[in-house]
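All ligand and atom numbering here is 1-based and tracks the order in the structure.
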Amino acid sequence: MKRILVTGAGGQIGSWLVPALRELYGQDAVLATDIRPPRTELLEGGPFQLLDCTNQKALGFAAVRHHADTIYHLAALLSAVAEKDPRLAWHVNVSSLEAVLEVARDQHCAVFTPSSIGAFGPDTPKDPTPQDTLMRPTTIYGITKVTGELLCDYYHRRYGVDTRGVRYPGLISYGAPPGGGTTDWAVEIFYRAVEDGHYTCFLREDSRLDMMYMPDAVRAAIGVMEADAERLIHRNAFNITAMQLTPAELADEIRKHLPEFRIDYDVDPVRQEIADSWPDRIDDSAAREEWGWQVEFDITAMTVDMLKHIGGPAAPHGAPTSALERMPLDA
Ligand SMILES: NC(=O)c1ccc[n+]([C@@H]2O[C@H](COP(=O)([O-])OP(=O)(O)OC[C@H]3O[C@@H](n4cnc5c(N)ncnc54)[C@H](O)[C@@H]3O)[C@@H](O)[C@H]2O)c1
């Protein structure tokens with residue numbers, strides 16, 4: 001039986017991951033925590049605790065009381081928000097991870113920490129971006145992500161903590177809104193298409209970035225934590241990918257369902273510069289070989305499912321299904 005503590009559980013990923021973990025391991029087995037009260041009903045149906053996870057003592061108490069053996073550490077500031085306050089980003093992203101790793105070392109917990117395509121920089125090969133390559137990010141977000149990967153690997157090598165992670169591409173989902181990243185446009189575009197028939201995108205029409213639909217992202221988090229440790233050559237963190245999209249291409253795909261949809265562009269130089277420094281397509285062969293990673297949603301399936309769930313024409317009566325129905329798990 002797993003006993004899981006999730007930090008940053010009220011965010012875009014947590015609001016999907018927590019219900020999936022609860023369905024898999026039991027409602028009471030998963031303690032959701034966040035610095036803010038959850039905005040979403042998805043966190044109902046199991047224990048929730050307000051917790052600032054940069055506070056190692058409070059985190060340690062919560063882990064002990066819950067008898068946690070696994071921590072999914074999701075709390076972080078995302079790329080665009082981090083750029084507005086780099087020192088806060090360093091504090092939240094790095095101090096919280098240090099606290100999580102110390103608690104994990106003390107309490108013998110396994111740790112999942114997401115990294116990001118933001119860990120790569122403008123000098124990294126862009127297409128494809130290898131698993132092991134040059135990582136010189138130019139954003140504070142990327143710097144905290146590379147630091148996090150190295151720190152997690154260090155705790156594994158030095159103290160034997162079972163640390164694992166994936167480098168997520170931009171994540172597309174409905175429900176909890178994205179938390180201020182460079183790929184938020186790929187979520188906003190669906191809501192604006194359905195509600196207004198029009199979207200003004202903050203990136204150039206030809207900005208190609210790696211993206212993934214949230215059900216695949218959740219399967220990846222659970223899949224890498226369930227993987228046989230003996231087979232893992234890498235740990236922090238595995239490249240994973242699903243699709244490579246430009247705003248113009250996604251707009252074309254949406255127009256197959258909403259022919260009147262219009263997109264225009266008002267480029268935000270800060271987010272454009274971040275996007276330009278990230279890969280076009282990352283090579284996820286290590287994840288496939290070492291723990292059997294496989295993607296399920298391509299651009300066509302993702303677009304149909306997004307429109308179905310946010311009230312578009314693809315399936316107007318699409319009521320939200322249960323977490324595991326939404327995300328078929330191999331586990
Ligand atoms: N969403 C994406 O597209 C994406 C892509 C790559 C990597 N990631 C990574 O995945 C993780 C989760 O991302 P997300 O999209 O769910 O982010 P999010 O911004 O939607 O959610 C983060 C959550 O952390 C909470 N939080 C912030 N500071 C905290 C603190 N001190 N203590 C406790 N909670 C705190 C926030 O309240 C929020 O609910 C992050 O590490 C992020 O870098 C996300």
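- For Ser115, every heavy-atom contact with ligand 1 shorter than 4.0 Å involves the backbone, none the side chain.
- Taking all heavy atoms of Gln12, His91, Lys145 into account, the minimum distance to atom 41 (O) of ligand 1 is reached by Lys145.
- Heavy atoms of other residues, nucleotides or ligands lying less than 6.0 angstrom from CD of Glu195 number more than 12.
- The closest side-chain heavy-atom distance from Ser96 to Thr7 is not below 4.5 Å.
- Counting heavy atoms closer than 4.0 Å to ligand 1, residue Ile13 contributes atoms from both its backbone and its side chain.
- Between Phe297 and Tyr213, the angle of the ring planes goes over 60°, which puts this pair in the perpendicular group of the 30/60° scheme.
- Here the heavy atom of the protein found nearest to atom 28 (N) of ligand 1 is Val92 CG1, 3.7 Å.
- Using a 4.5 Å heavy-atom threshold, the side chains of Asp162 and Met225 count as separate.
- Polar contact with ligand 1: absent for Ser116 (N/O pair, distance under 3.5 Å).
- Residue contact check for ligand 1: Gly180 places no non-hydrogen atom closer than 4.0 Å to it.
- Tyr25 and Leu5 fall into different hydrophobic clusters, where Ile, Leu, Val, Met, Phe, Trp and Tyr are joined by side-chain heavy atoms under 4.5 Å apart, directly or via other members.
- The Gly179 neighbourhood of ligand 1 comprises atoms 19 (O), 20 (O), with distances under 4.0 Å to a heavy atom of that residue.
- The protein non-hydrogen atom at the shortest distance from atom 31 (N) of ligand 1 is Asp52 OD1, 2.9 Å.
- The closest side-chain heavy-atom distance from Arg65 to Gln49 is below 4.5 Å.
- When only modelled atom types and interatomic distance are considered, Glu253 and Thr303 share no side-chain donor-acceptor pair under 3.5 Å.
- Contact analysis leaves Thr7 out of contact with ligand 1, as no non-hydrogen atom separation drops below 4.0 angstrom.
- For the pair Pro177 and ligand 1, the shortest N or O to N or O distance does not fall below 3.5 Å.
- Ranking protein heavy atoms by distance to atom 34 (N) of ligand 1, first place goes to Ile35 N, 3.3 Å.
- Classified by interplanar angle (parallel below 30°, tilted 30° to 60°, perpendicular above 60°), the ring pair Phe238/His234 is perpendicular.
- If you check the side chains of Thr182 and Ser79, you find a donor sitting under 3.5 Å from an acceptor.
- Within the 4.0 Å heavy-atom shell around ligand 1 one does not find Pro38.
- Considering CH2 of Trp185 and CG of Leu203, their distance stands at 7.5 Å, rounded to 0.5 Å.
- For ligand 1, none of its N or O atoms has an N or O atom of His73 under 3.5 Å away.
- Note on ligand 1: Cys53 sits in its first shell, one or more heavy atoms being nearer than 4.0 Å.
- Looking only at heavy atoms of the protein, atom 22 (C) of ligand 1 is closest to Ala76 O, 3.9 Å.
- For atom 3 (O) of ligand 1, the closest heavy atom belonging to the protein is Leu171 N, 3.0 Å.
- Contacts with ligand 1 closer than 4.0 Å are made by backbone heavy atoms (N, CA, C, O) of Pro169 only, the side chain lying farther away.
- Nearest to atom 17 (O) of ligand 1 among the protein's heavy atoms is Leu78 CD1, 3.3 Å.
- From the protein, the heavy atom lying nearest to atom 43 (O) of ligand 1 is Tyr141 OH, 2.6 Å.
- Using a 4.5 Å heavy-atom threshold, the side chains of Ile189 and Leu250 count as touching.
- With contacts defined as side-chain heavy-atom distances shorter than 4.5 Å, the pair Phe190/Tyr199 does not qualify.
- At least one N/O-N/O distance between Arg36 and ligand 1 falls below 3.5 Å.
- Using a distance-only test at 3.5 Å, with no hydrogens or angles considered, no donor-acceptor pair links the side chain of Thr144 to the main chain of Trp90.
- Between Tyr174 and His309, the ring planes lie parallel to each other; the angle is under 30°, not in the 30° to 60° tilted range.
- Residue, atom and distance of the protein heavy atom nearest to atom 37 (O) of ligand 1 are Asp34 OD1, 2.6 Å.
- Close contacts between ligand 1 and Leu51 involve ligand atoms 32 (N), 33 (C) [criterion: under 4.0 Å to a heavy atom].
- Residue Ile117 does not touch ligand 1, judged by heavy-atom distances below 4.0 Å.
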